[in-house]
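The structure appears below as structure tokens.
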Amino acid sequence: MKVIVGSIATVVFLAGCSSAPSQLSREKTTSTTEQISVARSDPKSQSVSGGSSGSLAYSYESLEELEAASVVIAEVEIKDIHSEDVEKDSTLYNAAIIDLLKGNGEEKGIILKQVGVEEAREKTGDLTIQRDNPLMKPDERYILFLKAGQKAEVGPLYYVAGEYQGKFEIRGDQVFSVNQQEQTKAMVAGQDLISFKEEIKHIVSVKQ
């Protein structure tokens, strides 16, 4: 039987999260919208079909802009999935703070929200989905620029500034922007982890 994979995903821009007006004023409105795209493929045929996209209303062009919009900046490790909301196309993760680079909180564990939900056939390997902002997985580590949100049944949670722009994956002792198609000055490709964190700490100290 030939499997036909349709493009049915719709990107929802962080419904249910809120941010302070002062933070929004620091974000740059883009004349050309940034696109978040999703494409599906059938591993058996390796064919990619369709793809859906949504636009980001704001874009950050530097680490300084990301820092200004974030209430927390931290090195985190993803522990597990807290919950999934298929209707709102979002996933909540339990994460541990390894190194707090900005923020006054003393909590070691936080809840993160990301657009997207892993589909059942992804879990079995029967479907491959290529996302501009890949879903996070347990044991992965990131440097995240976070904004504060709230969900009635969960309580306080955090989400990444710019959805993927403030999200930097740690591989070994190096840091990479999760979306290498991003054309902003904040894009990082293989920078040393220690020097990257020192750069962030310097930006935070200058603003204090």
Side-chain angles (χ1 to χ4, degrees), residues 11-24 26-27 36 56 58 60 63-118 131-173 175-179 186 188 193-194 196-205 207-208:
V11 174
V12 179
F13 182 62
L14 300 170
C17 290
S18 62
S19 59
S22 60
Q23 292 173 334
L24 288 176
R26 294 169 177 157
E27 298 170 351
I36 304 174
L56 293 178
Y58 298 94
Y60 303 90
L63 292 176
E64 286 80 5
E65 289 188 9
L66 283 167
E67 185 277 333
S70 304
V71 296
V72 170
I73 305 172
E75 176 184 349
V76 307
E77 180 180 351
I78 305 302
K79 307 307 290 185
D80 53 34
I81 293 177
H82 178 281
S83 59
E84 297 174 325
D85 191 330
V86 176
E87 183 178 344
K88 294 184 177 180
D89 192 32
S90 64
T91 300
L92 300 185
Y93 300 89
N94 292 312
I97 293 180
I98 298 173
D99 188 7
L100 185 65
L101 307 176
K102 176 183 178 179
N104 299 319
E106 297 181 355
E107 67 268 32
K108 297 299 181 181
I110 58 174
I111 297 176
L112 302 174
K113 180 177 181 179
Q114 177 179 344
V115 168
V117 174
E118 187 176 32
R131 296 179 171 90
D132 283 350
N133 183 21
L135 293 173
M136 295 183 285
K137 298 183 182 299
D139 299 325
E140 291 181 340
R141 292 187 301 142
Y142 297 89
I143 300 292
L144 299 179
F145 290 73
L146 299 170
K147 303 179 75 171
Q150 188 81 16
K151 189 175 177 66
E153 57 271 37
V154 175
L157 53 83
Y158 297 90
Y159 60 98
V160 176
E163 182 58 25
Y164 52 73
Q165 293 173 328
K167 180 181 176 184
F168 301 89
E169 184 180 7
I170 299 172
R171 305 177 201 164
D173 59 358
V175 182
F176 298 81
S177 297
V178 296
N179 180 3
V188 174
L193 173 60
I194 294 177
F196 185 64
K197 292 201 293 185
E198 288 301 318
E199 182 179 357
I200 294 172
K201 290 177 182 178
H202 174 71
I203 294 171
V204 172
S205 67
K207 295 294 183 66
Q208 290 179 340

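What you are looking at is a predicted structure, and each value in this text was computed from that prediction instead of being measured.
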Check L135 against Q114 and note the closest heavy-atom contact, atom names and distance. CA-NE2, 3.4 Å
Report yes if some heavy atom in the side chain of L144 is under 4.5 Å from a heavy atom in the side chain of Y158; otherwise report no. no
Heavy-atom closest contact (S177 atom, F168 atom, distance): OG-CE2, 3.4 Å
Going by heavy atoms in the side chains, are V204 and I73 under 4.5 Å from each other? yes
Side chain to side chain, K201 and D99, heavy atoms closer than 4.5 Å: yes
Working to the nearest 0.5 Å, report the span between CD of E84 and CD of E118. 7.0 Å
For the residue pair A186 and L66, what are the closest heavy atoms and their distance? CB-CD1, 3.9 Å
Nearest non-hydrogen partners of V188 and V175, listed with the distance: CG1-O, 3.3 Å
Please report the interatomic distance NZ(K113) to NZ(K88), rounded to the nearest 0.5 Å. 6.5 Å
Taking distance alone, no hydrogens or angles, what donor-acceptor pairs closer than 3.5 Å link side-chain atoms of residues 74-82 to residues at least two apart or in another chain?
{"residue": "E75", "atom": "OE1", "partner": "K197", "partner atom": "NZ", "Å": "2.8"}
{"residue": "E75", "atom": "OE2", "partner": "R141", "partner atom": "NH1", "Å": "2.8"}
{"residue": "D80", "atom": "OD1", "partner": "N94", "partner atom": "ND2", "Å": "2.7"}

Minimum heavy-atom distance between L100 and G103, given as atom pair plus value: CD2-O, 3.4 Å
So which atom in A161 and which in Y60 form the shortest heavy-atom distance, rounded to 0.1 Å? C-CE1, 3.8 Å
Candidate list V160, L63, V71, L101, test side-chain contact (heavy atoms from CB on, under 4.5 Å), partner F145, passing option: L63
Contacts of E140 that satisfy salt bridge (Lys or Arg N to Asp or Glu O under 4.0 Å) - sequence neighbours left out: none
Could you go step by step and tell me if V115 and N133 meet the side-chain contact (heavy atoms from CB on, under 4.5 Å) rule? CA-CA 8 Å; V115 168; N133 183 21; 5.6 Å; no
When rounded to the nearest 0.5 angstrom, what distance separates CG in L92 from CD1 in I111? 6.5 Å
Roughly how far apart are E64 CD and I200 CD1, rounded to 0.5 Å? 10.5 Å
Does the side chain of I110 reach to within under 4.5 Å of the side chain of V72, using non-hydrogen atoms? no
Check: I194 and D173 side chains under 4.5 Å, non-hydrogen atoms: no
Donor-acceptor pair, side chain of T91 and main chain of G116, under 3.5 angstrom: yes
